Amino acid sequence: MKRQVFIIHHMSCSGCALRLQGLEDSLPGVRQVDASYHRARMEVVYDEGQVTEEEIIEAVRSLGYEAERS
Amino acid sequence: MTEVFLAFVTGLTAGGLSCLAVQGGLLASSLAGQIEREQAKARLALPILAFLLSKLAVHTLFGALLGWFGSLFQLSVWARAGLLLLIGVFMIGNGLRMLNVHPIFRFFTFEPPARLTRFIRRRSRDQRLLTPVLLGALTLLIPCGVTQTMFAAAVASGSPLQGAALMFAFVLGASPVFFVVSYFATRLGAHWERVFVRLVAIGLLVVGGLSVESGLNLAGSPISFARLSRALEQPWQPVGVTPSPAPSVGGLVPDGPALPTPTLPGGQGVIALRVLNTGYEPAVLEAPANQALTLHLVTDRIYSCTRAFVIPALNIETMLPVSGEVAIELPPQPSGRRLAYACSMGMYSGEIVFK
């Protein structure tokens, strides 16, 4: 398991954090997402064997946000 | 009644869009399974209505609870003024947050703990019939910024009934946007979303500004928009000292026809104000300094908050009759003193200038 923090751009309310948290269900290999609108960041715990960092960034982009490694 | 109507309009405009941004995803994910299973929009109306009715019921009950909580404190004029200022600052902060002015404004909205949102989100995947009802109730735990402001207003109302009415009106107003967007499963384009968010933000800035203004008026602050505008108008503002014989205030309105109003009392040491549904007349009342005075407040079929009359600096607070007259004794005031008065909501204000 790997833990990675991302800076998230374009979040507009706490609902965005909820939406990003949904990656736990929609992206196989993602075990836990703790997203914060206040801090504009997202901490992801994921299985490197199942999903890559690039795929996570792409999934975030598909939700309408931009993610970059912290 | 005015506040309840304002709450409804706030829900219909700012509240609907703001809450939809925070809570809409829950409803959407709850409906997703049904859309896949049934492929029929007609069947969607029931779970959406269940969600909205549950949300309405829970928020109304919570409004009553907040109002009851507020009633425990018997808020003084100063506390109410402080609360109005806080609500105003909170709304302005939220408006600036939505306009992305600075990241610091993000802290003007409450962020529920991740564990709580995770629990609610997982419930939304449940396909049982009661799920929308449960989700509607759980939205209480993830309020949007505008809803949080309404919570504060419900506390400030100091009445379980008024608190419940405020929350009921607000959530009812927010419901059409929820229903339409969820039923048609439409998403506003990114462009229109940005436009709406900006409109909501501007609305919040305006309403927040009004709340700050009310707080300042209620506190008798020398700095407020009302005081500034009165200062600018003063050269042609009629003087309200009541000479003998007694005048009719209706005749004091500049550039307008005389109103059919009751005659105000007059005489030595007596000053008078006519209480209207939309303010006090005259807004600037001149009075002799260094002598005790009796202030007569005259009402005639008055049903607005102007009946709840306060002079913060003298700790005077009185509820006037719908129609009638109330006399208030004012201690001697030094020359040059400007004594602010207002309604209990700070919406309508004026001042007595001692000369």
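Below, chains carry the letters A, B, ... as their sequence lines are ordered, and counting in each starts from 1. As the structure is a prediction and not an experimental result, all values here were calculated from the model.
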Rounding to 0.5 Å, atoms CZ (B:F105) and NE2 (A:H38) come to a distance of 13.5 Å
NE2 of A:H10 to CG of B:N100, rounded to nearest 0.5 Å, is 9.5 Å
Within a reach of under 6.0 Å around CZ of B:F107, are more than 12 heavy atoms found that belong to other residues, nucleotides or ligands?
yes
Residue set satisfying side-chain hydrogen bond (donor to acceptor under 3.5 Å, both in side chains) with B:T139, at least two apart, ordered chain then number -> none
B:E111 meets the side-chain hydrogen bond (donor to acceptor under 3.5 Å, both in side chains) criterion, sequence neighbours left out, with A:S36
In terms of heavy-atom contacts, A:S12 and B:R97 come closest through O-NH1, 2.9 Å
*asked:* Closer than 3.5 angstrom, by distance alone: can the side chain of B:R118 be matched with the main-chain N or O of A:V33 as a donor-acceptor pair?
replied: yes
